[in-house]
Amino acid sequence: MQVQRTNSMQRQALGQAHLRRSRYRLGTFLVKFLWFCLYVSVTIAALLSTYAFPELISVFRHQSRPKYTHYHISSQGADMGLQSRRTELSVKQELLPLHVSRGNPMNFTDLHHDDFSKRWKPPPNRDYVACVEPSPSYKAPVLPSRGYLLVSTNGGLNQMRAGICDMVAVARIINATLVIPELDKRSFWADSSNFSDIFNDDYFIEALQGDVPVVKRLPPELVDAPRASRQFRSWSYTKYYEEEVAALWEEYQVIKALKSDARLSNNDLPPDIQKLRCRVHYDALRFAQSIEACGKMLVERLRANGPFIALHLRYEKDMLAFTGCTYGLTEEDADALTLIRYHTPHWKVKDIDAAEQRAEGFCPLTPKEVGIFLRALGYPQNTQIYIAAGEIFGGDERMADLRSYFPNLLRKETVATAEELAPFKNHASQMAALDYIVSVESDVFVPSYSGNMARAVEGHRRFLGHRKTISPDRKELVALFDKLESGELEEGPELSRSIIALHRTRQGAPRKRKGPLKGTKGRDRFRTEEAFYTNPLPDCLCQKPGLKGKSSSKKSH
């Protein structure tokens, strides 16, 4: 009896022990299962935010902070940044490059890969090629012409170049013989260069034989003859020149254009006139042989060390003074820039709110901001960056921030010797011409501000096959940079994803030229048009036969 009781107690104890072990195993299993579910959830969320919906996640993140709700691709403001910002998404959109398509977005982990080829890869050009040949109805100029057209150009190098191209077209419209234009020697740069010092005048005359007769100077008998000096109306159509300007031939043999910039409309001109403008800009108006040779040498030396970025860094005294952009400067520097603006009569706007200018994206990026921007796009620290600019305000001290991101900063003066640059040294326009050549030929072109050179280089690169040109979205970038400064955001994966997403469709892919913004009336609408020489599509670029339908199907995706 005692034995039976003992066995029963043992069995009961074993049962309880087994029950405790079962409960322990069940509890352990449940804890492990919960941890596993949590791990899977976090992993899936991370994958979705990184690969599937980076833009959506970023939008939700920014919507939680009302101050930065404008998270979209937008058109840039006016060149000098003093007009209100307007959004025109459709005209700035480009086809996504294949390597940054929505199905396979870049992510921050790519920054550590050895293969950076996609950083340098140009956008798809959709087989657009230059088509500037005149139509069958285009005739040789009628000789003798009705008279001579004198031209006084104005502005810096690229403003003068655009003006000269327009004046060739005007000479064609009014049946004039064009006298080699007089270059601006009174602008901010005070360059004493003549036309032949910067451009190949013999080639200019020869290339235009079938379009407009060109001579180097007026015939002696007309040097002292009465002339009609006029400032032609800005952004005019051919009718204005055919009727009002050409009527001057009834009294004069010489007409002088007192200004050359923006004298023709960007759009709605006869196709042959538009093609003529392109033939002049991209062929006839070549730089002088000495400048071409030096520019070619600079490009070859840069390419010998691998791909390079040409950075048009518009952080110069005149630009900062004009735009009123003083962010990050001392009070003394800000006052000095304001004084320059007030003492420059033809700068009409004097009172500028510097903080508002910057917040609206109307200021050039600072050297430090450019460094953050390019690093976030994935360019490695050893990237060659050629600085295409004049003297940077603040000099080496201001450039130190950019150099901390990219130590391999180069300029004309570091790529060429002092002896090689000596012929051009004291001529701002000739030095700018060297920067222009390097910028057009660079693997990537990045303008920190949308000035005359930035627009001209962008258009030239589009004409040559849509080479990669990254246009910073300054307003959206400033919002991100302010977050960095306040500590709300750090440099790293999140910033990189945001900046890459913002600039997917700002890399120079084909798109039609922007027309006037909606709501503008009268002549003000011309100010809002994209400049003709910034984007020669559709007038001077066309797709190879048989590819239009293929392109359309791509665009719909």
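All of these numbers come straight from a predicted model, not from anything done at the bench. FYI, the numbering just counts along the sequence from 1.
- For the 3.5 Å distance criterion, the side chains of Lys468 and Gln507 qualify, holding a donor opposite an acceptor.
- Using a 4.5 Å heavy-atom threshold, the side chains of Ile180 and Phe199 count as separate.
- Annotation: Glu529, atom CD; neighbour count of heavy atoms from other residues, nucleotides and ligands within 6.0 Å is above 12.
- In this structure, the side-chain hydrogen bond (donor to acceptor under 3.5 Å, both in side chains) partners of Arg279, at least two apart in sequence or on a different chain, are Asp211.
- Between Asn154 and His346 the shortest side-chain heavy-atom distance does not fall below 4.5 Å.
- A 4.5 Å side-chain heavy-atom check between Tyr449 and Arg474 finds at least one atom pair inside the cut-off.
- Applying the ring pair (Phe, Tyr, Trp, His ring centres under 6.0 Å) test between Phe463 and each of Tyr128, Tyr282, Phe532 identifies Tyr282 as the sole match.
- Under the 3.5 Å distance criterion, the side-chain polar atoms of Lys317 are left unmatched by any main-chain donor or acceptor of Leu337.
- Annotation: Phe373 is in aromatic contact with His503 [ring centroid separation under 6.0 Å].
- For the pair Asn194 (side chain) and Ser196 (backbone), a donor-acceptor distance under 3.5 Å is absent.
- A search for disulfide (SG to SG under 2.5 Å) contacts involving Cys165 returns nothing, not counting sequence neighbours.
- The backbone N or O of Arg511 sits less than 3.5 Å from a side-chain atom of Asn535, completing a donor-acceptor pair.
- Only one option out of Glu458, His460, Arg461, Arg506 pairs with Thr469 in a side-chain hydrogen bond (donor to acceptor under 3.5 Å, both in side chains); it is Arg461.
- Using a 4.5 Å cut-off on side-chain heavy atoms (C-beta onward), Asp283 and Val132 make no contact.
- Between the Arg411 side chain and the Gly390 main chain, a donor and an acceptor come within less than 3.5 Å of each other.
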